[in-house]
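Notes to accompany the following structure.
Quick note on labels: first sequence line is chain A, next is B, and so on, each numbered from 1.
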Number of protein chains: 2
Amino acid sequence: MKETLVTISKRTGFAISTVSRVLNGQAEKYRISRKTVELILAEARRCDYTPSLLAKGLRMKRTNTLGLLIPQVSNPYFADIASAIIREARSHGYTVMVVDTMENEENEQEGIRTMLSRRVDGIVAVPCGRTPDHLEKVNRSVPVMLVDRSFERTSLPYVCTDNYRGGVEATRILLQRGHRRIACIQGVPHSMPNRRRVQGYLDALRQAGLQEEAIITGDAFSLENGYRQTKLAVAGPDRPTAIFALSNTILLGAVKAIRESGLRIPEDISVVSFDDNPYLDFLVPAITRIGQPVEEIGKTAVRLLLESIREEVRCRTQLQLPPERIVRDSVANPRTAK
Amino acid sequence: MKETLVTISKRTGFAISTVSRVLNGQAEKYRISRKTVELILAEARRCDYTPSLLAKGLRMKRTNTLGLLIPQVSNPYFADIASAIIREARSHGYTVMVVDTMENEENEQEGIRTMLSRRVDGIVAVPCGRTPDHLEKVNRSVPVMLVDRSFERTSLPYVCTDNYRGGVEATRILLQRGHRRIACIQGVPHSMPNRRRVQGYLDALRQAGLQEEAIITGDAFSLENGYRQTKLAVAGPDRPTAIFALSNTILLGAVKAIRESGLRIPEDISVVSFDDNPYLDFLVPAITRIGQPVEEIGKTAVRLLLESIREEVRCRTQLQLPPERIVRDSVANPRTAK
DNA sequence: GTGAAAGCGCTAACAC
DNA sequence: GTGTTAGCGCTTTCAC
């Protein structure tokens, strides 16, 4: 049978309230005698007392638990984010319940329901819907923090990469080498990170007076999409001299297609990708890329969320953290510019 | 203010118990009239009633929650396992609390404490200690299921890869090509997966009458370890013609060292690795490897655990699932055998 | 310095 | 068919 305050109370002869106070470190506050404190602590240790956070949560209306909605835990990028969030939460005494939404809005909604039922103190979400409506509604009952992805106009707080700037930088890396025909292979068109990256790409081209040259294709953050679009691109008459892949998965597809076509990176075609990953240094050549500050995103999101829980106010901070250029060997001058 | 059974009870005029029964789908069982049912359901929907699983858990002594202890969520291999576990649990109506133990036994113990306090119905663990003692003790109060790693002699149930067989198969792939000097670069020596893989390697050599040729080095599942050991191995006088890396990370270090030394894979030296990962197909050459049935491991572990929770008996199943050979292009005949 | 008791939201045994 | 009530384990107000 489980130990409770009652059993300890009975065995030590002190009242439940006294036991509770001692076990919560409130002995001082209530000026409970040293002797009592020690007796109770000893007994608690002896019987391996494990306080019920269920009962405590029910009483206190706080569970020290956060909910985390992630579109795909097995995706290394999301795993990194989840990892950062879980660790940061733990360092503040919070535990995290994770729901894998599998990029499905229904799963997301159901996940939110379970979390609310479990009375989480706050929710961190990488949202997968097209609109913030539902999450905004949830935010009225429990604080919500968006991570990685956000929405066009929303009052919800978020922490993500400055994807626009990432798009600009990636494109500039190529422009500086003299590339003019740069194919941008995108992921899910309506998603915010995608739109911002594309916008960055377009603006960089525009500033270079190359707006006419924009080539935007693709529709999914997948290897298949990267492969298909690259196949098409290199087969066409006016082959691009460089490819900007908007994600790791797209990049892999692109690399596969390029290799199959017999072209060499970077001699025949340059490549820049988004997202960091240790493996990218082991491809030949190593891939030049725009890394996202994953660790910082997770940490910051949790800190802001916990703060808003503590202060009992809704957080309104919307943060875009700067991406990181990781220059390797997949970019060279275009042939035509030689 | 939050809605509860009481508020609904008051507003509809029915007793709390009636409301409870209806909302739990027990209307039939208690032969509650259609009208009552509809009124109550309507009101619950209207006010967006969210049942408190805290209160329910307190009352029922079941929370429909599992605890998951993972040594490093950001490691793609563990992320895959976590993903499978989370999804399988969800499909049975369970939510998962994840603790990242960071390969630290203290964190593991603390993680267990929080989980027990939160009254999880069961715990899935990739343990990081050297002995099963503590987990066996925990198993007396709540069912524990080991995953990926196990212990030499333990009564705890587990589901993992047949690492011994993996070690044998990897080694045989090399032996069949005529390799005789095969360096095995291991990870943490005392860990079960490592020991079993090494044992498989040794037995495969023995069966080929090559026990004298065994070369076992290394001490960590890390890129650095793989790099260092490979550097030493290729620099030595009697260079191995093949390397068996006991993990992905070790492999990457090995590849780096081999490239730096100017040797080519597989012409100068063959390579076989453990663990699957999509990126391995994009290295040049693509790496031949032994994949672990991660999805199945996670699924099976959760199923067995839930079953033992349901039946209220301790599971004693200890399962080793067969690994998968993934043959690519990193193995060739050794030079000397030509 | 310590204790008694109410109540958090829920289920289920028992009553009618 | 529906209602009353005890109790899950905890915190906290009020009392002494």
Does B:Gln109 have any side chain to side chain donor-acceptor pair (under 3.5 Å) partners at least two apart in sequence or in another chain, and if so, which?
-> B:His134
When rounded to whole Å, the CE to P distance for the pair A:Met60 and D:dT13 reads 11 Å
Could you state the CG-P distance from B:Leu5 to C:dA12, rounded to the nearest angstrom?
-> 12 Å
Is the shortest side-chain N to carboxylate O distance from A:Arg314 to A:Glu136 below 4.0 Å?
-> no
Side chain to side chain donor-acceptor pair (under 3.5 Å) partners for A:Glu105, two or more places apart = none
Mind calculating the distance between CG (B:Leu39) and C1' (D:dT2) to the nearest angstrom?
-> 14 Å
Return the angle between end axes of the helix from C:dG1-D:dC16 to C:dC16-D:dG1, with five pairs used per end and rounding to 10°.
-> 40°
Any pair with a residue in residues 6-26 of chain B that passes salt bridge (charged side-chain N to carboxylate O under 4.0 Å, His left out), sequence neighbours left out, goes on the list, sorted by first then second residue, please.
-> B:Glu3-B:Arg11, B:Arg11-B:Glu43
In numerical order, the residues of residues 46-59 of chain B whose heavy atoms come under 4.0 Å of DNA chain D are B:Leu58, B:Arg59
Using a heavy-atom distance cut-off of less than 4.0 Å, which residues of residues 14-35 of chain A contact DNA chain D?
-> A:Ile16, A:Ser17, A:Ser20, A:Arg21, A:Asn24, A:Tyr30
Indicate whether OP1 or OP2 belonging to D:dT2 is found under 4.0 Å from a side-chain N or O atom of B:Thr36.
-> yes
Does A:Lys61 place a side-chain N or O at less than 4.0 Å from the phosphate oxygens OP1/OP2 of D:dT11?
-> no
Specify the separation, in whole Å, of atom CD of A:Glu3 and atom P of D:dC10.
-> 10 Å
Who pairs with B:Glu296 by side chain to side chain donor-acceptor pair (under 3.5 Å), at least two apart in sequence or on another chain?
-> none
Side-chain donor/acceptor pairs under 3.5 Å, residues 302-309 of chain A, sequence neighbours excluded:
| from | atom 1 | to | atom 2 | distance (Å) |
| --- | --- | --- | --- | --- |
| A:Arg303 | NE | A:Glu88 | OE2 | 3.1 |
| A:Ser308 | OG | A:Leu305 | O | 3.1 |

Residues 115-132 of chain B, side-chain donor-acceptor partners within the protein, below 3.5 Å, at least two apart:
| from | atom 1 | to | atom 2 | distance (Å) |
| --- | --- | --- | --- | --- |
| B:Ser117 | OG | A:Pro51 | O | 2.8 |
| B:Arg118 | NE | A:Thr65 | OG1 | 3.2 |
| B:Arg118 | NH1 | A:Thr95 | OG1 | 2.9 |
| B:Arg118 | NH2 | A:Thr63 | O | 3.0 |
| B:Arg118 | NH2 | A:Asn64 | O | 2.6 |
| B:Arg118 | NH2 | A:Thr65 | OG1 | 3.3 |
| B:Arg119 | NH1 | A:Thr50 | O | 3.4 |
| B:Arg119 | NH1 | B:Leu116 | O | 2.8 |
| B:Arg119 | NH2 | A:Thr50 | O | 3.0 |
| B:Asp121 | OD1 | B:Thr63 | N | 3.0 |
| B:Asp121 | OD1 | B:Thr63 | OG1 | 3.3 |
| B:Asp121 | OD2 | B:Thr63 | N | 3.2 |
| B:Asp121 | OD2 | B:Asn64 | N | 2.7 |
| B:Arg130 | NH2 | B:His190 | ND1 | 3.3 |

Atom CZ of A:Arg118 and atom C1' of C:dG9 are separated, to the nearest Å, by 16 Å
With sequence neighbours left out, write down each residue that passes side chain to side chain donor-acceptor pair (under 3.5 Å) with A:Arg113, or none if nothing qualifies.
-> none
Residues that B:Glu152 engages under salt bridge (charged side-chain N to carboxylate O under 4.0 Å, His left out), provided they are two or more places apart = B:Arg195
Could you give all pairs that pass the salt bridge (charged side-chain N to carboxylate O under 4.0 Å, His left out) test and reach residues 89-102 of chain A, with sequence neighbours left out?
-> A:Arg90-B:Glu110
Gap between atom CZ of B:Phe221 and atom OG of B:Ser191 - 0.5 Å precision = 4.0 Å
